[in-house]
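Note sheet for the following structure.
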Amino acid sequence: MTNAPYDTLVLAGTGKTGSRLAAKLAKLGLGVRTAARTGADVRFDWDDATTHRAALRGVGRLYLVAPVMRTDFADQVATFLDLAEAVGVRHVTYLSAYGIEAAPPRVAPRAVELDLIGRGAISHSILRPAWFMQNFSDTFLRPVDGVITVPTADGSEAFIDAEDIAAVAAETLANPDAHAGAGYALTGPEAITVSEAADVIAGAVGRPVTHHDIDRDVWIQGSVAAGVPAEYGEILRMLTETIASGMGSRPNDTVEKVTGAPPVTFADFARRTARAWTGVVRGPSCRR
Ligand SMILES: NC(=O)c1ccc[n+]([C@@H]2O[C@H](COP(=O)([O-])OP(=O)(O)OC[C@H]3O[C@@H](n4cnc5c(N)ncnc54)[C@H](OP(=O)(O)O)[C@@H]3O)[C@@H](O)[C@H]2O)c1
């Protein structure tokens with residue numbers, strides 16, 4: 001391992017996990033360089049290979065987040081990993097997703113996992129998190145006019161705080177030898193339904209929040225109309241079907257085993273995050 005000033009390159013370094021990971025690595029006194037198209041330490045664009053070599057300069061460890069909102073990226077990632085290996089990266093922590101170890105090799109995140117597993121000169125740790133709690137504050141589960149619209153029925157999920165994912169990632173990148181070859185399924189401490197999550201958010205913000213279990217086709221059509229690529233719409237179908245059919249993630253003790261601290265509860269996340277929902281959770285009594 002190198003002790004270069006920028007020892008770890010954090011892809012998606014301005015995103016939900018990458019930004020938190022970078023802060024944790026810096027707090028540990030480790031060199032860290034965030035990468036994204038805008039707003040990071042270094043400009044990095046998956047679709048512009050001329051940005052790749054400069055981003056990797058002096059780097060010994062890598063937090064790998066594959067191109068987001070896509071379904072076909074395994075070759076692109078493999079080419080980048082070839083370069084990373086050639087310039088001296090010796091450990092990769094890869095942000096995959098819950099249950100991906102059971103997917104066939106043609107599924108891109110599984111193909112990336114298998115690529116990493118097959119590399120001799122690079123050790124790896126694979127993180128397979130459940131749905132992020134931050135989906136409720138930052139992205140597609142955010143309440144609109146007091147309603148969270150998603151086709152998950154009464155199925156539950158062990159939502160995890162991105163802080164806990166970042167804490168596990170930081171541990172693997174700070175001590176790669178201790179986590180080489182690991183595949184960590186990462187969950188929060190309890191499996192809850194979206195309806196239960198809505199109740200917790202309502203309690204945190206002091207206004208009604210409910211779950212609307214919309215027809216799945218209608219929801220996907222709406223997501224695609226709002227800008228989600230059509231092929232990614234099919235991933236959303238599979239993800240929501242998994243939860244709705246009762247096959248969502250189940251809590252485990254991996255976060256605590258790796259970090260020494262129990263994972264954050266949804267109630268604690270909601271209390272900490274309440275300000276993010278100001279103005280978007282208005283119930284009927286608040287409509288103009
Ligand atoms: N949300 C969930 O519940 C969940 C659950 C399991 C796994 N995951 C996985 O988590 C990953 C996303 O991680 P995240 O949530 O931490 O990130 P995120 O918050 O979605 O942020 C995306 C990051 O990627 C960067 N980015 C976007 N397009 C890029 C491009 N073409 N080239 C380089 N960088 C680009 C963005 O910055 P710029 O736009 O400035 O480039 C940003 O830093 C995905 O692989 C997803 O499958 C998510």
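Note that the numbering runs from 1 along the sequence shown for the chain. Remember, it's 1-based here, ligands and their atoms both numbered in the order they're listed.
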Heavy atom of the protein closest to [atom] (residue, atom name, distance):
atom	value
atom 1 (N) of ligand 1	Asn135 OD1, 3.0 Å
atom 16 (O) of ligand 1	Thr17 OG1, 2.6 Å
atom 21 (O) of ligand 1	Gly15 CA, 3.4 Å
atom 45 (O) of ligand 1	Val65 CG1, 4.1 Å
atom 33 (C) of ligand 1	Phe44 O, 3.2 Å
atom 24 (O) of ligand 1	Ala12 CB, 3.5 Å
atom 32 (N) of ligand 1	Trp46 N, 3.0 Å
atom 18 (P) of ligand 1	Lys16 NZ, 3.6 Å

Does ligand 1 come near enough to [X] that some N or O of the ligand is less than 3.5 Å from an N or O of the residue?
X	answer
Tyr98	no
Thr14	yes
Arg37	yes

Please compare [options] and report which has the shortest non-hydrogen distance to [atom].
atom	options	value
atom 22 (C) of ligand 1	Asp45, Val68, Thr34, Leu127	Val68
atom 9 (C) of ligand 1	Leu186, Ile235, Leu95	Leu95
atom 2 (C) of ligand 1	Phe132, Tyr232, Phe136, Phe140	Phe132

Say whether [X] and ligand 1 are in contact under the criterion: heavy-atom distance to a ligand atom below 4.0 Å.
X	result
Ser96	yes
Pro129	yes
Ala130	yes

CA sep, side-chain torsions, deciding dist, call: Phe269, Phe159, ring pair (Phe, Tyr, Trp, His ring centres under 6.0 Å): CA-CA 10 Å; Phe269 160 75; Phe159 298 103; 9.4 Å; no

With distance as the sole criterion, is a donor-acceptor pair present between the side chains of Thr71 and Glu231 under 3.5 Å? no

Regarding Thr149 and His212, is there a side-chain donor-to-acceptor distance under 3.5 Å anywhere? no

Looking at residues at least two apart in the chain, or sitting in another chain, which of them share a side-chain hydrogen bond (donor to acceptor under 3.5 Å, both in side chains) with His52? none

Non-neighbouring partners of Arg119 that pass side-chain hydrogen bond (donor to acceptor under 3.5 Å, both in side chains), sequence neighbours left out: Asp82, Glu85, Asp115

Name of the residue among Leu81, Thr93, Leu95 meeting side-chain contact (heavy atoms from CB on, under 4.5 Å) with Leu64: Leu81

Does some side-chain heavy atom of [Y] sit less than 4.5 Å from a side-chain heavy atom of [X]?
X	Y	answer
His91	Leu173	yes
Tyr63	Thr17	yes
Leu56	Leu9	yes

Looking at atom 47 (O) of ligand 1, is any protein heavy atom nearer than 4.0 Å to it? no

Proximity of Trp46 and Phe80 rings by center, below 6.0 Å: yes

In this structure, which one of Arg57, Arg61, Arg33 forms a salt bridge (charged side-chain N to carboxylate O under 4.0 Å, His left out) with Asp7? Arg61

